[in-house]
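Working notes, structure below.
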Number of protein chains: 2
Amino acid sequence: MSKRVTINDVARVAGVSRQTVSRALNDKGEIDGSTKQRVLDAARELGYRPSRFARGLVRQDSTTIGLVIPDLLNPFFTEVAAGALEAARARGWHVIVYDTADSIAEERGTLEVVTSQVDAVAGYFSLDEAELDRHLSGLPAVLIGRDHRMPRFSSIRIDGEKGVHEAIDHLVTAGHRRIGMLDHAGRAEPSLRRDWFTDAMNEHGLHAPVVGNAVQSADGGAEALHELLGQHPDLTAVFTYNDIIAMGALKAARKLGKAVPRDLAVIGFDGLQLGTVVDPALTSVALDTRRIGALAIEQAGRLVAGETPLPEEELLVSAVLLVRESA
Amino acid sequence: MSKRVTINDVARVAGVSRQTVSRALNDKGEIDGSTKQRVLDAARELGYRPSRFARGLVRQDSTTIGLVIPDLLNPFFTEVAAGALEAARARGWHVIVYDTADSIAEERGTLEVVTSQVDAVAGYFSLDEAELDRHLSGLPAVLIGRDHRMPRFSSIRIDGEKGVHEAIDHLVTAGHRRIGMLDHAGRAEPSLRRDWFTDAMNEHGLHAPVVGNAVQSADGGAEALHELLGQHPDLTAVFTYNDIIAMGALKAARKLGKAVPRDLAVIGFDGLQLGTVVDPALTSVALDTRRIGALAIEQAGRLVAGETPLPEEELLVSAVLLVRESA
DNA sequence: CGCCAATCCGTGAACGTTCACGGGAGCGTT
DNA sequence: AACGCTCCCGTGAACGTTCACGGATTGGCG
């Protein structure tokens with residue numbers, strides 16, 4: 001548990017002053033070549049590493065942003081995170097990733113600790129704004145996929161309406177009439193995506209869409225499709241809450257002896273890269289996931305830097321139909 | 001670009017001293033209930049947030065570890081990262097994630113910047129130890145999946161030998177004799193996994209194993225299988241460098257009209273959760289990915305905290321055959 | 001009334017670095 | 001010889017917080 005080696009130790013060993021050591025290490029000018037080398041040698045000798053705290057304290061740059069994600073193992077969030085990391089790297093910012101494990105308790109715990117570690121936070125939150133505000137105590141925050149009422153927040157909006165309409169158009173054009181949906185079983189109320197689906201169906205004069213609920217996993221999707229087809233064997237197409245569920249459905253369909261897309265068309269939501277590894281490749285209402293992550297980071301960074309934030313209309317990510325093989 | 005609001009501002013507004021503000025915010029004792037409330041109100045009013053730098057400077061706790069990963073979109077590394085995040089959260093440590101985008105240049109850039117932001121680093125590096133050491137300048141480092149020679153490093157060793165032997169045993173028992181491998185095409189030299197494969201084959205008296213090279217992606221795996229089967233149509237089984245490649249191979253096999261595992265058995269490496277969403281579910285030589293990440297973080301954290309590091313034998317992660325459906 | 005303890009609060013110092021400024025040495029110019 | 005310029009280096013201050021200590025006020029008790 002030895003004391004930390006400081007810049008003064010290096011200075012003493014090299015026979016110079018603090019400032020000269022600082023100059024040597026930061027490649028500032030105003031220093032002789034030979035003394036610079038001497039300082040560098042001394043630093044290496046002593047195993048000196050500058051304290052990031054002391055350094056951060058005096059120069060105000062160095063921004064790090066907290067990225068809060070419900071579940072890194074969910075490929076959707078992985079892609080968002082990847083986009084965020086890329087954007088941050090381009091700007092020289094740092095990202096601390098927090099995985100809340102889909103748990104409210106963990107989310108609270110994360111919020112508790114995050115304020116003292118980052119300059120701003122972005123991500124997926126499920127707490128209401130009042131509680132968020134209370135925990136964050138003034139920390140700039142960017143909410144993804146969710147609108148804000150308090151002006152202190154910023155948000156990245158996801159618009160899937162157009163994409164879902166395209167998907168249903170695509171199915172109807174191909175002759176489908178009996179189209180079901182696999183919503184997710186997580187929250188109490190039906191999802192926004194389900195609303196888009198219902199609207200799109202109504203627009204084609206197709207009513208009473210059949211809906212099943214799936215846990216957010218491939219197995220959940222498989223089970224839900226089983227159940228749904230058990231009740232409504234005449235369905236010729238299904239739209240799912242997301243790609244994970246769709247991939248489960250794909251597998252279940254094959255087990256049931258249904259060829260995709262001939263006997264059953266499947267359209268997912270998210271447009272994951274992963275959709276290409278299954279057979280047939282998944283047709284999906286695609287979101288630009290990397291862009292979502294990049295926008296979130298960009299906005300968060302601007303908020304802390306005091307730059308002019310991105311305008312509302314640029315914070316919108318729209319989905320489009322990505323036709324592959326499953327429909 | 002207003003000045004930062006400091007603890008002194010809060011103190012002035014609340015009509016107390018710095019120290020009292022500090023006490024109020026950190027739930028220390030020795031403070032009257034009413035003044036504490038007054039301070040808290042003032043802090044909220046002003047939007048005060050303590051500087052993490054100043055705080056970190058004076059109290060020496062708060063460790064953050066850098067996690068360096070070649071490609072977060074690769075599900076294998078995602079699982080490792082998830083394990084790392086979980087372990088870090090349990091310990092109250094923070095993790096800054098760096099994605100080097102599979103590029104040496106980015107890896108160098110990351111190393112350049114990482115030393116000033118974290119207390120230790122863990123992850124996958126492709127630079128040689130000498131250069132690593134030069135860039136890291138004394139920063140504790142844990143190498144994953146790779147042995148170290150310099151005692152200053154620590155490493156998480158991956159042993160796949162037993163698992164690969166199990167895999168080949170499994171195939172041979174099922175009657176397979178003509179078994180090929182899809183190695184990865186990245187580095188110059190053949191992989192360790194290929195060595196294990198060759199050894200296992202030799203043990204069964206099966207020589208001259210046929211090997212193809214695949215880019216690390218599903219498409220790469222598909223292409224490589226095409227090519228391999230083109231040259232050696234009599235193969236009845238393939239072992240692949242990893243699951244991603246295997247999933248591509250799976251898809252390619254189906255396109256070629258080969259049923260898996262009847263006409264062609266496929267065994268991957270990694271044991272990704274993802275292997276269950278494809279059909280048939282992927283048989284694989286499985287690694288405990290979460291444990292890899294957790295061990296890396298644990299060891300890195302111990303190094304910075306000065307705790308006794310984990311002994312060599314605990315830093316070993318062994319692979320075992322995970323039989324699902326594709327073989 | 002005097003004393004002690006408990007409770008609450010404030011003041012200097014320290015953490016380790018960079019910034020702003022100043023100063024000395026050496027050399028050339030007038 | 002005086003001056004100015006360039007090059008190199010050092011000293012005080014500042015960043016914002018917590019720690020260690022000491023002081024003031026109050027209440028209780030003999």
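Numbers restart at 1 for each chain; the letters A, B, ... are given by sequence-line order, proteins then strands.
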Quiz item: Would you say D:dG10 has OP1 or OP2 under 4.0 Å from some side-chain N or O of A:Ser17?
Solution: yes
Nearest to the side chain of [X], heavy atoms from C-beta on, is which of [options]?
| X | options | value |
| --- | --- | --- |
| A:Val16 | C:dT18, D:dG10, D:dT18 | D:dG10 |
| B:Pro50 | D:dT17, C:dC9, C:dC15 | D:dT17 |
| B:Ser22 | C:dT17, C:dC9, D:dT18 | D:dT18 |
| A:Thr20 | D:dT17, D:dG10, D:dC15 | D:dG10 |
| B:Arg55 | C:dG16, C:dC8, D:dT17 | D:dT17 |

Quiz item: Under 3.5 Å, is there an N or O donor on one side and an acceptor on the other linking the side chain of B:Arg23 and the base of C:dG10?
Solution: yes
Self-check item: Donor-acceptor pair (no angle test) under 3.5 Å: B:Gln19 side chain, C:dC9 base
Solution: no
Would you kindly give the [atom1]-to-[atom2] distance between [X] and [N], to the nearest whole Å?
| X | N | atom1 | atom2 | result |
| --- | --- | --- | --- | --- |
| B:Arg18 | D:dT18 | CZ | P | 11 Å |
| B:Lys28 | D:dT18 | NZ | C1' | 7 Å |
| B:Ile7 | D:dG16 | CD1 | P | 11 Å |
| A:Asp32 | C:dG26 | CG | P | 13 Å |

Quiz item: Considering the options A:Gln299, A:Arg302, A:His148, which one meets the side chain to side chain donor-acceptor pair (under 3.5 Å) requirement together with A:Ser154?
Solution: A:Gln299
Quiz item: Do the side chains of A:Asp119 and A:Trp93 get nearer than 4.5 Å, heavy atoms only?
Solution: no
Quiz prompt | Residue pair B:Thr289 / B:Asp270, side-chain heavy-atom distance below 4.5 Å | solution = no
Quiz prompt | Difference in axis direction between the ends of the helix from C:dC1-D:dG30 to C:dT30-D:dA1, five pairs, 10° | solution = 60°
Practice problem: Select base, sugar-phosphate, or nothing to describe what A:Lys36 touches, counting heavy atoms under 4.0 Å on all strands. | Solution: nothing
Quiz item: Between B:Asp9 and B:Arg4, is there a salt bridge with N-O shorter than 4.0 Å?
Solution: no
Exercise. Quick one: pull up CG in B:Leu25 and OG in A:Ser137 and give me the separation to the nearest 0.5 Å.
Key: 8.5 Å
